[in-house]
Trainee: 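Questions regarding the structure given below will be posed in turn.
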Amino acid sequence: MHELALILDFGSQYTQLIAKEIRKLKIYSEIIPCTASYEEIIAKKPKAIILSGSPFSVKNPEAPRIDQRLLDGSIPVLGICYGMQLIVDMLGGKVENFDKKEFGNAQLNTSDHPLLQGLRSVEQVWMSHGDAVADISDEFECIAFTDNSPYAVIAHKSKQIYGLQFHPEVAHTPNGKQIFENLLVNIAGFTRDWTTESFIESAIKRIREQVGEDQVILGLSGGVDSSVVAALIFKAIGKQLIPIFVNTGLLRKNEVDEVESFFNKEFGMNLITVHAEEVFLGNLKGVSDPERKRKIIGATFIDIFEQEAKKYANAKWLAQGTVYPDVIESVSFKGPSATIKSHHNVGGLPEKMNLKLIEPLRELFKDEVRLIGEELGLPHHMVQRHPFPGPGLAIRIIGDITAEKVTLLQNIDAIFIEELHKSGLYDQVWQAFSVLLPIHTVGVMGDERTYDQVCALRAVNSIDGMTADWAELPYDFLKKVSSRIINEVKGVNRVCYDISSKPPATIEWE
Ligand code: XMP
């Protein structure tokens with residue numbers, strides 16, 4: 001068990017960032033909805049509690065609150081924005097509605113209170129609030145202020161209860177992490193026991209206890225999450241792991257060979273590759289509609305995977321690469337302005353398979369998954385791979401899909417990705433890929449007129465794929481990629497670069 005900094009989520013868009021920032025301090029943090037009961041919270045044995053921001057106003061009678069006993073001083077508590085206003089409201093102070101919302105950078109005048117150790121006398125902080133603290137009770141003192149917020153940081157005089165009007169978790173508060181460190185390490189006494197080594201050690205122990213002598217089936221896709229799950233479970237139970245790799249025929253160039261040779265030769269696994277290229281292509285024949293493509297691919301995948309998995313009668317478990325953001329999303333507290341995420345479901349296996357789920361990464365953020373992967377011996381390029389959609393190249397070939405088009409797109413994309421690696425740009429963009437368009441255009445090659453296909457290149461920067469900006473790749477780079485594609489890939493005579501952001505466009509074209 002790791003020491004826990006528990007975050008009560010009141011629906012702030014920044015809640016996950018709080019957890020990520022705390023984990024960077026090697027302190028385990030978990031998010032639970034603010035509606036959790038006092039007993040549930042205490043049962044988790046938190047060593048500190050953080051109250052997140054919220055789209056609510058504490059003055060709204062419907063606004064979520066917490067059990068008064070959490071503020072008895074036995075566990076250190078930090079309230080951020082709404083969290084602070086809630087503390088003030090519950091402990092005898094006054095919160096008022098500002099005429100104007102305060103949004104943006106502010107200069108914080110600090111003091112030498114232990115919560116603010118190591119900060120400069122004036123620090124940049126990020127504000128985003130409509131309500132503000134108008135008065136605090138005598139039990140509290142104000143330990144920092146800004147021009148617009150006289151109570152920017154408050155501290156209880158005898159208990160370990162604190163409040164921040166600004167957001168220490170965002171990048172616009174460059175020294176915010178110092179406040180978390182002061183609170184958690186210096187004040188609450190965390191020992192920083194959340195390290196990759198300690199995670200791996202406890203995960204291995206847990207997997208062994210959970211599965212005993214049973215076999216575990218895993219759908220390995222070659223992506224980051226399933227590769228790390230494979231490496232971790234293999235380390236725990238060796239060949240009791242049955243990794244199944246379905247070749248849909250819609251993967252990137254050479255991907256099947258690379259994944260096979262890495263896991264079989266270097267890792268010593270018995271990867272079972274199911275060659276289902278023709279089944280997928282057959283089922284997709286003549287289909288152009290993106291959602292139908294997705295449905296067909298999802299159903300075909302499940303079918304094929306199930307047929308293969310059924311061969312292992314001793315398998316009682318199905319391993320999945322669920323990561324922490326998936327878990328949070330399914331339990332998170334939805335405030336009035338909650339955004340609705342669209343889910344891309346491809347590999348969800350039917351319950352009728354009667355396997356129990358094992359999800360060893362469900363506590364981890366993506367960056368942590370990558371670190372664990374490297375620690376387990378996966379190569380850098382494997383753990384730093386861009387996301388790749390379950391339906392693969394099928395949703396990057398606009399219109400219907402044929403084997404020839406898949407090969408064409410694989411060759412185009414391989415050049416783009418190779419050049420990104422060579423120029424050191426691959427790790428600087430969040431996702432990059434190519435799209436094959438269903439049109440022909442005129443060109444000249446030597447003395448000949450051509451009438452060939454057009455492709456588009458797409459590279460975006462993003463945090464989580466929910467919003468994205470197109471990446472400003474250097475012109476020289478684009479020139480080189482375009483010229484290589486047109487010269488080396490027969491059948492393409494025009495290359496475009498996609499300069500649309502999400503929203504209103506999406507990252508994929510379908
Ligand atoms: P969009 O196109 O929705 O993409 O802006 C956001 C992220 O999701 C990936 N994506 C998918 N992933 N199945 C997946 O597993 C899908 O059907 C799918 N569609 C989009 C996309 O590559 C990007 O990273």
Side-chain angles (χ1 to χ4, degrees), residues 16 218-229 245-252 255 259 280 283-284 287-302 304-305 320-323 325-327 329-330 339-349 359 361 365-367 369-370 383-399 401 406 409-410 412-413 416-417 420 426-437 455-471 497-510:
Q16 286 197 33
L218 166 73
L220 192 90
S221 70
V224 179
D225 301 338
S226 69
S227 299
V228 176
V229 173
F245 180 39
V246 177
N247 181 1
T248 59
L250 301 165
L251 300 170
R252 287 165 284 203
E255 184 151 19
V259 171
F280 279 90
N283 291 353
L284 285 166
V287 176
S288 296
D289 177 70
E291 289 314 306
R292 271 197 69 211
K293 286 181 184 173
R294 281 192 171 80
K295 286 213 172 75
I296 291 170
I297 292 167
T300 309
F301 184 90
I302 287 171
I304 287 175
F305 191 85
Q320 278 194 345
T322 314
V323 292
D326 308 332
V327 177
E329 178 61 22
S330 63
T339 49
I340 311 294
K341 266 199 193 181
S342 65
H343 282 274
H344 305 291
N345 249 336
V346 193
L349 278 162
E359 300 173 306
L361 308 181
F365 285 110
K366 195 84 178 187
D367 287 341
V369 172
R370 295 197 165 101
V383 298
Q384 292 299 335
R385 289 189 112 175
H386 292 169
F388 187 70
L393 301 183
I395 55 166
R396 295 177 178 172
I397 294 170
I398 313 303
I401 299 155
V406 172
L409 183 57
Q410 282 176 331
I412 294 166
D413 198 58
F416 185 29
I417 300 298
L420 282 166
Y426 185 87
D427 286 344
Q428 287 177 35
V429 299
W430 191 78
Q431 189 175 22
F433 56 91
S434 322
V435 182
L436 187 66
L437 308 190
C455 70
L457 308 179
R458 178 97 164 118
V460 296
N461 289 316
S462 176
I463 303 284
D464 52 11
M466 298 302 293
T467 61
D469 287 322
W470 58 277
Y497 187 58
D498 181 351
I499 52 166
S500 352
S501 291
K502 173 182 178 177
T506 50
I507 296 177
E508 301 289 347
W509 280 40
E510 286 198 333

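Side chains are part of it too, since the values below use all heavy atoms of this structure and drop only hydrogens, waters and symmetry mates. In listed order, ligands and their atoms are each counted from 1.
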Trainee: What atoms in ligand 1 come closer than 4.0 Å to a heavy atom of T506?
Mentor: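 Those atoms are 1 (P), 2 (O), 5 (O).
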
Trainee: Looking at ligand 1, does any of its N/O atoms fall within less than 3.5 Å of an N/O of I507?
Mentor: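 By distance alone, the answer is yes.
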
Trainee: Do any nitrogen or oxygen atoms of G465 lie less than 3.5 angstrom from nitrogen or oxygen atoms of ligand 1?
Mentor: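 By distance alone, the answer is no.
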
Trainee: Check whether any side-chain heavy atom of W470 lies under 4.5 Å from a side-chain heavy atom of R458, and answer yes or no.
Mentor: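 A side-chain contact under 4.5 Å exists here.
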
Trainee: Can you tell if the side chain of R252 reaches within under 4.5 Å of the side chain of F388, non-hydrogen atoms only?
Mentor: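 SC-SC contact between R252 and F388 confirmed.
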
Trainee: List ligand 1 atoms under 4.0 Å from P391, heavy atoms only on the residue side.
Mentor: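 With P391 as reference, the close atoms of ligand 1 come out as 13 (N), 16 (C), 17 (O).
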
Trainee: So, are E508 and R396 salt-bridged, with charged N and O less than 4.0 Å apart?
Mentor: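 R396 and E508: salt-bridged.
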
Trainee: I need the atoms of ligand 1 closer than 4.0 Å to a non-hydrogen atom of W430, numbered in the order shown.
Mentor: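 It comes down to these atoms of ligand 1: 24 (O).
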
Trainee: Not counting sequence neighbours, which residues clear side chain to side chain donor-acceptor pair (under 3.5 Å) with D225? List them please.
Mentor: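 Scan of D225 (side chain to side chain donor-acceptor pair (under 3.5 Å), adjacent residues dropped) gives K366.
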
Trainee: What residues, two or more places apart in sequence or in another chain, satisfy side chain to side chain contact (heavy atoms under 4.5 Å, CB included) together with S227?
Mentor: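 Testing S227 for side chain to side chain contact (heavy atoms under 4.5 Å, CB included), a comparison that skips the adjacent residues, returns F263, L378, M382.
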
Trainee: Got a donor-acceptor contact below 3.5 angstrom from the R294 side chain to the P391 backbone?
Mentor: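 Pair absent, no side-chain N/O of R294 close to backbone of P391.
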
Trainee: At under 4.0 Å between heavy atoms, which part of W509 makes contact with ligand 1: side chain, backbone, both or neither?
Mentor: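 No part of W509 comes within reach of ligand 1.
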
Trainee: Kindly confirm or rule out an N or O of Q431 lying under 3.5 angstrom from an N or O of ligand 1.
Mentor: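 Checking ligand 1 against Q431, an N or O pair does fall under 3.5 Å apart.
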
Trainee: For K502, is at least one N or O under 3.5 Å away from an N or O on ligand 1?
Mentor: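 Looking only at distances, the answer is yes, because the N/O contact criterion of under 3.5 Å is met.
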
Trainee: Are I398 and E510 close enough that some pair of their side-chain heavy atoms sits under 4.5 Å apart?
Mentor: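 A side-chain contact exists here, since the closest heavy-atom pair is under 4.5 Å.
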
Trainee: Looking only at N/O atoms, are E508 and ligand 1 under 3.5 Å apart anywhere?
Mentor: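 N/O-N/O distance under 3.5 Å: yes.
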
